[in-house]
Each structure stands twice: as C-alpha cells, then as structure tokens.
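Structure first, then comments.
Residue numbering restarts at 1 for every chain, and letters A, B, ... go by the order of the sequence lines. Just so it is clear, the structure is predicted and the values come from calculations on it, not from any experiment.
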Amino acid sequence: MSHNSIHWFRKGLRLHDNPALIAALKDCRHIYPLFLLDPWYSNNTCIGINRRRFLIEALRDLDSSLKKLNSRLFVVSGPPTEVLPKLFEEWKITRLTFEVDTEPYSQSRDEEVMKLAKEYDVEVIPKISHTLYNIDRIIEENKGKPPMTYVSFQNVLKDIGPPKKPVPAPTKEDMKGVSTPFSEDHEEEFGIPTLEDLGLDTSSLGPDLFPGGEQEALRRLDEHMQRAAWVCKFEKPQTSPNSIIPSTTVLSPYIRFGCLSARTFWWRLTDVYRGKKHSEPPVSLHGQLLWREFFYTTAYGIPNFNRMEGNPHCVQVDWDNNPEYLAAWKEARTGFPFIDAIMTQLRQEGWIHHLGRHAVACFLTRGDLWISWEEGQKVFEELLLDADWSLNAGNWQWLSASAFFQQYFRVYSPIAFGKKTDKYGDYIKKYLPMLNKFPAEYIYEPWKAPRSIQERAGCIVGKDYPRPIVDHEVVHKKNIQRMKAAYAKRSPQDKDGKTITKGVKRKVTSILDMFEKKAKR
DNA sequence: TACAGAGTTGTGTGC
DNA sequence: AGCACACAACTCTGT
C-alpha cells in the first residue's frame with residue numbers, strides 16, 4: 001500500500017535517530033514534514049525572544065536538511081486539533097507519525113489528535129525517541145511508581161539494560177519512490193516565519209552564542225567527543241559555574257528541542273569511554289543524561305509536577321508574595337554581584353551553568369528571598385534556551401528543598417560560593433560592567449568597600465549598583481527555621497520533637513495509589 | 001515495623 | 001591545597 005504520510009515535528013527537530021520519520025517513509029508515496037505553530041504555548045507560557053530565535057533556527061536547519069532529500073518542511077499556524085483535520089483532507093493523508101512526548105499538555109493534545117485521526121481513518125504511529133527509555137516501562141518496572149532517588153532509579157535501569165541504539169537519518173536511498181508535493185510558492189504558504197513575521201520585538205535579542213539546529217548540535221557533539229580525556233574525566237560538580245567560557249558542553253538546548261538525540265549522545269559517550277578509565281553516574285556525562293531521564297520519569301509519574309499544591313511529593317511551604325524582591329531577582333538587581341551576574345547572563349545569553357542555577361534558585365527560595373519556586377520556574381521557562389518542563393520543575397523542587405532533596409540547612413552563600421572558582425570576580429566584571437574597576441577583595445560584597453574605594457572604582461553602591469536587598473547572614477538562618485517548620489507540618493513529631501514518619505508515609509502512598517488507579521483506567 | 005545508611009555538587013574552621 | 005569535622009538533623013530505600 002502507498003501512503004500519504006505526515007510526520008509531525010514537535011520536539012525531535014532532527015533527521016538522525018528519528019524512528020517516527022523513518023516509519024512515515026515506509027511504503028510511502030507522499031511525505032509531508034510538518035511543524036505547527038501551536039498558539040497554546042503563547043497563551044499559556046512566556047517564551048523569551050532568544051528561545052524563539054533558537055526554535056526558528058532549528059526549523060531552518062531542518063528545512064535545509066529536508067531540501068537535500070528533495071523534501072521541504074511545512075510550517076502551519078493554529079491549534080493542532082483544527083489544523084490537522086484540514087490537512088488530512090487536503091493532502092489525502094493516510095498516516096500520521098510523531099515522537100512521543102510525556103509532558104501533560106503534549107499527552108492531552110496527542111490524545112485528542114489520535115481520536116481525530118481515527119475519525120479521518122488516518123493510521124497513527126507514535127515512536128519513542130526523545131528519552132533514552134520508554135518512561136512507562138521504567139515506572140512499570142518500579143511497581144507502578146517513579147523511583148524517587150537517583151540510586152533507586154539506576155537500580156531499575158540495571159534490570160532494563162542500556163538504552164536502544166539510535167537509528168540513522170533517512171538517506172536519498174530511503175526516499176526512493178517518496179516525494180514531497182511542494183509548490184513554487186511554498187515559502188509564502190508554508191515557509192518558516194521570521195521573528196519579525198511573528199510580530200516580536202527583536203530589540204532585546206542577545207548574542208547568538210548557541211544557534212539552533214541539528215547540524216550545529218552534531219558539530220558541537222563532535223567537538224566535545226574529540227576531547228576524550230576531558231570526557232572520561234568529566235565530573236559535573238568539579239566544573240565551574242562562573243568560567244568565562246562554558247565549562248560544560250552546552251548541548252542541553254539541542255537536546256531540549258531534539259536537535260540532538262539523547263540516545264545518540266549516550267552511545268557516542270559509550271564509544272569514547274570504551275577501554276578507558278572514566279567517571280561514572282551521577283557525576284559523569286552519562287550521569288547527566290540519566291538525570292534528565294530521572295526527571296522525565298518523575299514529572300510523568302507525579303501529578304501536578306510543576307506546582308506545589310496538589311503535588312504529593314512537594315513540601316507545602318508558606319512562601320512570601322513579594323513582587324519587589326521577585327523583580328529584583330529577575331532583573332539582576334539584588335545587590336549581590338554573583339547572583340546579578342548569573343541572572344544577566346541568563347537574560348542575555350539564554351544559558352547558565354547548572355551550579356549557577358543552583359545559586360540563584362537557592363537565593364530566590366529557601367536561601368534568601370523566600371519566594372515560591374514556581375515563580376523562579378516561570379523565569380527560567382522564559383529565558384533558558386534549554387528550559388524543559390520536566391527538568392525545570394524537578395530541579396526547582398530540588399533546589400528549594402521541596403522534593404528530592406531534604407537537607408535544607410545546606411544553603412549556598414551568594415558571596416562565598418562563587419569565590420571558589422573565580423577568586424577575582426572576572427565573571428562578575430564581564431556581566432556587570434559597572435563593577436569593572438572594583439578591587440577583587442570587594443567584588444563579591446561591594447557594599448563593604450570604603451567610600452574612597454567606591455569612588456576610585458567609579459561605582460557608588462546605592463547609586464551605580466544596588467545595595468543588597470537582604471542581609472544573607474540574618475535571613476538564611478531565619479529561613480532554615482522556616483523550612484524546619486514547613487517540614488514539621490508535613491511530618492508530625494512525637495513529644496520529644498522526634499519526627500514520626502510512618503503516618504506521612506501512609507498518606508503519600510495512598511495519594512499515589514489513587515493516581516496509579518487513575519492512570520490504569 | 002524499625003532502623004541504618006545514604007543522599008550529584010554547603011559553609012566555615014582548623015589542621 | 002586538600003581533607004576532616006561540626007553545624008542540625010531532613011527523607012527515601014533496603015534490609
């Protein structure tokens with residue numbers, strides 16, 4: 001039988017390791033590679049200009065790769081449930097393929113689309129290739145609930161075995177007998193819009209340090225995999241959050257959009273490791289991919305994962321509603337140069353080191369400002385090129401000690417932490433030029449510099465750079481007590497003040513049971 | 001059921 | 001420089 005296939009790109013913006021695309025090409029006469037500009041995202045999330053640019057670059061790269069196979073990318077605006085039925089009819093579609101995505105919106109969207117496809121007699125082929133594993137399988141192997149620690153997660157994976165090997169990109173050979181019916185005015189009808197076409201203000205675009213697209217992703221992967229000794233030695237906690245050149249691979253935006261397959265990355269690492277002594281999870285590069293998989297699993301298996309309320313694993317905390325503090329954090333004017341430099345890099349460049357994320361996340365939540373992690377989550381979602389629903393929610397819960405991580409008395413110092421890897425504050429000077437002439441001994445706490453030194457440096461604290469909005473020493477001690485109270489509420493104590501855990505355990509299990517039953521239905 | 005042990009990446013002090 | 005320790009005492013997993 002000869003099919004007319006749509007391959008619907010959502011994440012997975014690549015040709016390599018794209019099993020759903022390969023499935024679309026089987027016994028196929030006409031292939032329509034499709035990307036939808038779904039208004040749901042603009043209506044429900046805030047996406048910054050740098051992220052939008054990354055997406056458009058990735059689409060352009062995809063189109064250029066498809067051109068080499070005598071095909072083209074079709075870009076259409078509108079809700080999938082409205083656009084797809086029209087295209088099914090217009091293009092006489094018999095088959096729809098796409099990559100599985102586990103985010104809640106994707107799940108409900110795809111469920112609706114599959115119903116519609118049935119009505120139009122369109123065969124649907126979903127394939128797993130965004131994650132290393134089938135997430136359902138991991139949860140099943142762990143008795144129906146997601147593993148809640150990295151070690152137990154690893155134990156489950158031991159039973160499953162290594163991830164599947166990536167599938168090669170389609171070749172001209174695979175395209176024999178397959179064509180894409182595109183017309184001469186393809187650009188007008190189905191072309192990739194520019195940022196201006198989308199009516200976006202491009203005045204705040206930052207430098208294009210990490211251009212989107214599969215070709216750039218594979219180039220970047222090659223570049224790093226050639227450094228075999230570095231790859232084998234890699235230990236995430238030993239990399240610097242405040243180096244001028246990123247100390248890690250910065251492949252995360254590419255993996256987020258699926259320009260790079262996690263499985264391709266995984267097996268390339270395996271090749272580099274082979275026969276050599278190398279670091280191990282959780283700190284190795286394999287370990288980083290497993291962290292991603294870990295949070296994809298918990299995000300899929302835990303209800304209301306991006307919220308505090310209704311999230312059975314999240315400690316319920318009485319965070320302050322403090323718009324002034326939130327704005328100061330978001331706009332890089334907390335008065336702590338280390339924090340403000342990181343927030344500036346985030347806004348301008350769209351990527352900050354994982355430990356930089358730790359520092360600013362701890363500062364916003366349990367460390368200093370006592371503002372809900374959900375607020376921080378929104379800011380990261382807007383500004384991070386690699387903002388990924390599952391990882392963003394999971395890591396914010398981790399850093400705010402709301403879930404996964406409970407040692408809330410371990411607080412990052414906005415002054416001391418950065419000094420470990422950047423004694424002289426070069427990173428701060430790069431992102432906060434007003435502090436450029438400040439002597440190193442005061443660069444992390446400019447308010448302590450004598451007036452004469454501030455004058456000589458041409459930067460008066462309170463005028464040219466803000467005073468610190470909180471006294472870290474005071475506020476972090478207070479916040480540890482507040483965290484203690486939040487945990488005590490969740491975990492009732494006996495008369496000696498010792499925590500009784502069994503009652504809570506039963507409560508959490510029962511909520512999970514309910515969720516499991518719901519999921520089975 | 002109870003308990004021991006561990007937990008990706010804290011800070012400050014002292015040797 | 002690098003390590004041990006106190007700080008105070010959290011939760012999850014496995015036995």
Side-chain angles (χ1 to χ4, degrees), chain A residues 142-143 145-156 158-159 233-243 247-248 279-295 298 301-302 312-317 338 352-363 365-368 391 394-395 397-421 423 444-445 472-473 475-494 496-509 512:
Chain A
N142 195 50
K143 298 171 195 158
K145 44 185 200 292
M148 291 302 290
T149 67
Y150 193 85
V151 170
S152 62
F153 181 73
Q154 280 181 295
N155 288 335
V156 175
K158 253 181 229 154
D159 298 335
K233 262 204 315 238
F234 186 93
E235 291 190 4
K236 189 61 169 276
Q238 304 309 317
T239 59
S240 163
N242 47 7
S243 54
S247 59
T248 53
S279 55
E280 295 284 349
V283 295
S284 65
L285 282 167
H286 263 174
Q288 305 314 300
L289 286 169
L290 293 179
W291 277 111
R292 171 177 182 270
E293 202 78 2
F294 174 74
F295 284 124
T298 53
I302 297 170
H313 281 277
C314 183
V315 176
Q316 305 294 302
V317 178
F338 181 57
I352 50 178
H353 186 277
H354 189 61
L355 291 178
R357 302 179 195 202
H358 279 212
V360 297
C362 185
F363 185 86
T365 57
R366 67 188 166 89
D368 295 81
L391 280 61
N395 280 304
Q397 284 170 82
W398 188 296
L399 261 300
S400 62
S402 297
F404 306 108
F405 175 83
Q406 290 84 20
Q407 286 154 288
Y408 51 76
F409 31 80
R410 290 189 183 174
V411 175
Y412 289 83
S413 161
I415 298 143
F417 185 65
K419 287 184 186 171
K420 286 196 288 190
T421 43
K423 196 176 160 198
Y444 283 88
E445 343 172 53
H472 173 72
E473 285 309 312
V475 92
H476 107 274
K477 279 197 186 106
K478 182 184 166 193
N479 288 348
I480 286 176
Q481 294 311 310
R482 295 215 266 188
M483 281 309 294
K484 193 176 163 184
Y487 271 95
K489 246 188 202 171
R490 166 172 148 128
S491 317
Q493 295 181 346
D494 66 16
D496 302 321
K498 219 175 167 276
T499 302
I500 302 165
T501 51
K502 56 182 182 181
V504 178
K505 266 187 187 163
R506 202 175 303 133
K507 196 175 154 199
V508 171
T509 312
L512 272 181

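Rounded to a whole Å, the CD atom of A:Q407 is 10 Å from the P atom of B:dG7. Atoms NZ (A:K477) and P (C:dA9) sit 14 Å apart, rounded to a whole Å. Remark: C1' of B:dT9 and CZ of A:F234 are 11 Å apart, rounded to the nearest angstrom. Put simply, CZ on A:F404 is 10 Å from P on C:dC12, counting in whole angstrom units. C:dC10 atom C1' lies 18 Å from atom CZ of A:R482, rounded to whole Å. One can place CG of A:L399 at 10 Å from P of B:dG10, the figure rounded to the nearest angstrom. Across the protein-nucleic acid pair, A:F153 atom CZ and B:dT8 atom C1' stand 14 Å apart, rounded to whole Å. When rounded to the nearest whole Å, the span between CG of A:N395 and P of B:dT8 equals 12 Å.
Of the candidates B:dT8, B:dT9, C:dT13, the closest approach to any side-chain atom of A:H358 belongs to B:dT9. Each of C:dT13, B:dT8, C:dT11 was ranked by its minimum atom distance to the side chain of A:W398; first place goes to B:dT8. Closest to the A:Q288 side chain, of the nucleotides B:dT9, C:dA9, B:dT8, is B:dT8.
In terms of heavy-atom proximity, A:N479 sits nearest to A:G367 at ND2-O, 3.2 Å.
Distance noted for atom C1' between C:dA8 and B:dG7: 16 Å (whole Å). Comparing the P positions of C:dC7 and B:dT8 gives an interatomic distance of 25 Å, to the nearest angstrom. When the P atom is used for both B:dT11 and C:dT11, the distance is 23 Å, rounded to whole Å. For the P atoms, the distance from C:dA4 to B:dA6 is 15 Å, rounded to whole Å.
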Check your understanding: Under the side-chain contact (heavy atoms from CB on, under 4.5 Å) criterion, do A:Y412 and A:L399 qualify, and how do the steps go?
Key -> CA-CA 10 Å; A:Y412 289 83; A:L399 261 300; 4.0 Å; yes

Review point. Pairing of DNA chain C as dot-bracket, 5' to 3': ( ) intra-strand, [ ] crossing, | other strand, . unpaired, with Watson-Crick or G-U pairs under 3.5 Å?
Key: .||||||..||||||

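For the salt bridge (Lys or Arg N to Asp or Glu O under 4.0 Å) test, residues two or more places apart in sequence or in another chain that qualify with A:E445 are A:K419, A:K448. Under the side-chain contact (heavy atoms from CB on, under 4.5 Å) criterion, A:V315 pairs with A:V317, A:A486, A:Y487, A:R490, sequence neighbours left out.
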Exercise for review: Take nucleotides 3-8 of chain C nucleotide by nucleotide from the 5' end and write B, S or -, depending on whether a protein heavy atom sits under 4.0 Å from the base, only from the sugar-phosphate, or from neither.
Suggested key: ------

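Using a 4.5 Å heavy-atom threshold, the side chains of A:I302 and A:P146 count as touching. Taking 4.5 Å as the limit, every side-chain heavy atom of A:F153 sits out of range of all side-chain heavy atoms of A:M148.
Ring orientation note: the planes of A:F294 and A:W291 are nearly perpendicular, at an angle over 60° on the 30°/60° scale.
Defined by atom type and a distance below 3.5 Å, a donor-acceptor pair is missing between the side-chain atoms of A:T248 and A:H353. In this model, no donor atom of one side chain and acceptor atom of the other lie less than 3.5 Å apart for A:Q316 and A:K489.
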Listing time: all N or O pairs from protein to nucleotides 11-15 of chain B that are below 3.5 Å?
residue : atom : partner : partner atom : Å
B:dT11  : OP1  : A:S413  : N            : 2.9
B:dT11  : OP2  : A:K420  : NZ           : 3.2

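Rounded to the nearest 0.5 angstrom, A:F295 CZ and A:Q397 CD are separated by 8.5 Å. Here the straight-line distance linking atom NE2 of A:H286 with atom CD of A:E293 works out to 12.0 Å at 0.5 Å rounding.
Stacking of A:W291 onto the six-membered ring of B:dT8 is present: less than 5.5 angstrom between centres, less than 30° between planes.
For C:dT13, neither phosphate oxygen OP1 nor OP2 lies less than 4.0 angstrom from any side-chain nitrogen or oxygen of A:N142.
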For residues 403-411 of chain A, run the donor-acceptor check on the side chains, cut-off 3.5 Å, and write out each pair with its distance to 0.1 Å, sequence neighbours left out.
none

